[in-house]
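Below: one structure, written as structure tokens.
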Amino acid sequence: MALSETATTPDATNENAEPRELTDGFHLLIDALKLNEIETIYAVPGIPISDLLRMTQAAGLRVLSFRHEQHAGFAASVAGFLTKKPGICMTVSAPGFLNGLTALANATTNCWPMIMISGSSEREVVDLMQGDYEEMDQLAIAKPLCKAAYRILHAEDIGIGLARAIRAAVSGRPGGVYLDVPGALLGQVMDEAEGAASLVKVIDPAPAHIPAPEAVTRALDVIKGAKKPLIVLGKGAAYAQADDLVRQFVETSGIPYLPMSMAKGLLPDTHELSAGPARSLVLKESDVVIMIGARLNWLLSHGKGKQWGAPHSTKFVQIDIEPKEMDSNVEIAAPLVGDVGSVLSALLAGMGKNWKKPPEDWTGAVKAKKDANVQRMAANLQNNASPMNYQGALGALKRVIGERPDAMLVNEGANTLDFARSIIDMSKPRKRIDVGTWGVMGIGMGSAIAAAVETGNPVLAVEGDSAFGFCGMEIETICRYQLPICVVVFNNNGIYKGTDKNPTGSGDPSPMVFVEDARYDLMMQAFGGQGVRASNPDELYRAVSEAMDAGKPTLINAVIDPDAGKESGNIGNLNPQSVVKKK
Ligand code: ADP
Ligand code: TPW
Ligand code: MG
């Protein structure tokens with residue numbers, strides 16, 4: 001993209017030569033993004049990036065302007081998860097940068113590709129700490145919190161700088177990348193033809209990673225020796241977009257599988273080999289576990305202990321693109337370093353036509369446990385009480401999602417998360433987005449916005465009232481862009497429960513509770529969206545169905561019994577306990 005006619009300069013060496021076309025840092029950055037097929041920017045404007053965002057929009061990219069950088073960042077990271085291309089977040093310097101940093105660190109923790117591009121102040125002034133406007137050494141601060149961090153100082157390096165950021169974000173284990181763009185860089189001028197030649201289109205940004213043949217043979221030997229095998233599917237498997245191979249591997253092997261929360265739907269939760277509802281049994285009893293794009297972190301009790309049936313020992317086969325993940329918590333008997341698609345192709349080839357499925361007493365026991373648990377839960381989902389409990393409300397939302405397999409589901413909270421994860425079945429890959437590896441509150445609205453923008457499908461965001469509070473202002477963004485998002489706030493007046501009391505009996509409420517019966521639905525109306533209060537499952541089902549079909553911004557305030565939840569949902573055991581009881 002050339003600058004306007006006025007931005008030309010006579011060739012200094014020859015006064016009679018035609019004036020040369022010029023370009024600058026703004027245009028080069030936008031051209032570099034376009035060349036790499038980046039279509040959407042999630043951002044908050046201000047000095048020094050306001051014009052960059054205006055010009056980006058003028059150049060035909062979609063710019064979503066948020067109310068807070070953290071949510072622009074969460075949106076970019078979710079765009080990365082859904083598309084395998086780095087989601088781009090742009091922020092201003094110091095405070096905007098810091099606001100976005102939580103999301104960048106979270107993207108890295110979740111292994112999702114994202115690039116945060118932040119404007120920064122005058123290098124010379126910052127480095128002498130002379131007190132520039134929004135002064136901060138952003139590069140140094142970003143470095144320990146992301147996968148890679150770079151700064152571009154010269155216009156002719158914009159092409160290679162962005163290329164480096166893209167490759168760092170998506171190759172190997174994906175993660176968050178920081179790109180520091182000093183304001184002065186944007187104004188730097190260079191010859192337009194030279195500028196165009198300096199741009200880089202990244203070729204094969206995430207190359208296939210083929211496993212070593214002996215590692216494949218070793219893994220097949222371990223799997224063949226299993227009497228009670230189990231597959232664990234993680235969000236890395238969902239990210240890999242090797243959906244057909246995942247299904248083929250599960251079905252050909254005949255091994256029951258447990259989906260981690262964001263791997264739900266890789267195969268439909270109703271699949272006969274799903275062991276989701278028999279989780280405790282399969283973790284405790286399995287003898288060989290094949291981890292596919294999932295880590296043995298806290299979410300899986302680090303692969304050891306009571307949950308895993310200790311002292312009985314489990315053998316692990318692990319498929320991961322990151323070699324360092326192997327043996328991170330327990331010994332991995334058969335490490336398979338590679339991308340999910342390449343590894344599963346190799347395993348399937350090695351399994352051949354005469355693969356022996358696992359013993360029926362194992363698959364039968366898993367199925368029996370699962371059927372019993374599903375049946376037990378089904379009765380609870382019919383609970384029509386008002387105010388609602390979690391099961392009653394989620395029974396209604398399970399129906400809504402069941403009737404709309406393409407809808408995106410976003411989910412955060414404590415009880416609201418744990419109950420929704422087990423109750424709402426998913427039937428297609430990458431339709432569920434949640435709090436991820438950290439269990440971070442506040443991902444809801446940014447995730448919902450990215451889900452709507454990147455897929456075009458209707459989105460249901462199921463939010464605890466506390467979780468919603470971390471990101472609630474972004475409902476204005478949802479209304480402004482008229483996105484097809486229906487937010488359901490599970491309003492139990494507080495964190496875990498709305499019934500806590502201040503034990504001193506003094507004026508302040510307990511730290512765990514909020515204003516009683518807060519009208520979150522009226523917040524939505526303030527921005528021209530639909531706001532509805534639903535106090536029983538029928539009302540909730542009707543209001544959510546209508547909103548999903550209309551595709552209009554809607555917030556439904558679902559009145560939940562304040563006494564229905566429990567401390568920290570399913571992970572109350574992680575709370576430290578005081579042993580000293582003082583009066
Ligand atoms: P979950 O929380 O669902 O258990 P994790 O986030 O803990 O999943 O694990 C995801 C794993 O997937 C990470 O270790 C990451 O390195 C790995 N991964 C990401 N993309 C790929 C891929 N394309 N192929 C193989 N492994 C991948
Ligand atoms: C960024 C700690 C974990 S869960 C939760 C908090 C504050 C809220 C739970 O209440 P909610 O759900 O959403 O109303 P429910 O149904 O149980 O009532 N700050 C951050 N992340 C986390 N995880 C916390 C605090 C937390
Ligand atoms: Mg709550």
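Numbering starts at 1 and runs along the sequence shown. Every number for a ligand or one of its atoms is a count from 1 in the order of the listing.
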Under 4.0 Å from a heavy atom of A294: give me the atoms of ligand 1 that qualify, with their elements. 4 (O), 8 (O), 9 (O), 11 (C)
If we ignore angles and hydrogens, is there a donor and acceptor under 3.5 Å between the side chains of T109 and N106? no
Give the atoms of ligand 2, by number and element, whose distance to some non-hydrogen atom of A467 is under 4.0 Å. 13 (O)
The Mg ion (ligand 3) and N492: any N/O/S contact shorter than 2.8 Å? yes
Does G338 have a non-hydrogen atom less than 4.0 Å from ligand 1? yes
Output the list of atoms in ligand 1 that are nearer than 4.0 Å to some heavy atom of T437, sorted by atom number. 6 (O)
Distance-only N or O hit between ligand 2 and F470, under 3.5 Å: no
Would you say G439 has any N or O atom under 3.5 Å from an N or O of ligand 2, going by distance alone? yes
Please compare S328, G236, P113 and report which has the shortest non-hydrogen distance to atom 19 (C) of ligand 1. G236
Any nitrogen or oxygen of Y390, side chain or backbone, less than 3.5 Å from one on ligand 2? yes
Give the numbers and elements of all ligand 1 atoms closer than 4.0 Å to a heavy atom of G234. 3 (O)
Which option, K497, M441, K566, owns the non-hydrogen atom nearest atom 22 (C) of ligand 2? M441
Verify the distance test for A467 against the Mg ion (ligand 3): any N/O/S atom under 2.8 Å, yes or no. no
Within 4.0 Å of some non-hydrogen atom of T416, the atoms of ligand 2 are 12 (O), 15 (P), 16 (O)
Based purely on interatomic distance, does S466 place a nitrogen or oxygen under 3.5 Å from a nitrogen or oxygen of ligand 2? yes
Using a plain distance cutoff, I'd like to know if G494 has any nitrogen or oxygen under 3.5 Å from a nitrogen or oxygen of ligand 2. yes
Would you indicate whether L574, at its atom CG, is surrounded by more than 12 heavy atoms from other residues, nucleotides or ligands within a distance under 6.0 Å? yes
I'd like to check which ligand 1 atoms, numbered from 1 as shown, lie under 4.0 Å from a non-hydrogen atom of G293. 8 (O), 9 (O), 10 (C), 11 (C), 12 (O)
Is the shortest N/O to N/O distance between A414 and ligand 2 below 3.5 Å? yes
Among the N, O or S atoms of D465, the one nearest the Mg ion (ligand 3): OD1
For ligand 1, which atoms sit closer than 4.0 Å to a heavy atom of C111? 13 (C), 15 (C)
Nearest to atom 14 (O) of ligand 2, what protein heavy atom do you find, and at what distance? D465 OD1, 2.6 Å
